[in-house]
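When a residue number appears, it is its place in the shown sequence, counting from 1. As the structure lists them, so they are numbered: ligands from 1, and atoms in each ligand from 1.
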Amino acid sequence: MVRSWRVEVDRSRCVGSTICVSTAPGVFTLREDGQSRVVRAEVAPDARILRAAELCPLEAIAVVDGVSGDLVAPVDG
Ligand code: SF4
């Protein structure tokens, strides 16, 4: 089975810093209101997505395993 991740942006947290968009263009994009949204909720695993989730200053991005539902990122260090 092909692994996939589900990516979500919590709009109650996102402040539109654009870090995720510049880190993983094509995965995240900006809405007209300046907040981030995902282009597709289900994506192939990609290190750029992990980096974006870790770099988001508000921890507004959640990446979960598409099969198990386990949180993949961000991981508190
Ligand atoms: S990095 Fe976080 S706060 Fe910045 S635009 Fe992306 S989701 Fe929003």
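With a cut-off of 2.8 Å, atom 4 (Fe) of ligand 1 has no N, O or S atom of S36 in range. One of the N, O or S atoms belonging to C20 lies under 2.8 Å away from atom 6 (Fe) of ligand 1.
Two residues are said to be in side-chain contact when any heavy atoms from C-beta on lie closer than 4.5 Å; D65 and R3 meet this criterion. At least one side-chain heavy atom of R6 sits under 4.5 Å from a side-chain heavy atom of V64. With a 4.5 Å cut-off on side-chain heavy atoms, V38 and E8 do not count as touching. You'll find the side chain of C14 stays beyond 4.5 Å of the side chain of R37, heavy atoms only.
Among protein heavy atoms, atom 2 (Fe) of ligand 1 sits closest to C56 SG, 2.3 Å. Regarding atom 8 (Fe) of ligand 1, its nearest protein heavy-atom neighbour is C14 SG, 2.4 Å. For atom 3 (S) of ligand 1, the nearest non-hydrogen atom of the protein is V15 N, 3.5 Å. Nearest to atom 4 (Fe) of ligand 1 among the protein's heavy atoms is S17 OG, 2.1 Å.
Contact atoms of ligand 1 toward I19: 1 (S) (distance under 4.0 Å to a heavy atom of the residue). The distance from ligand 1 to the heavy atoms of T18 drops below 4.0 Å at these ligand atoms: 4 (Fe), 5 (S).
Under 4.0 Å from ligand 1, the heavy atoms of I61 that appear belong solely to its side chain.
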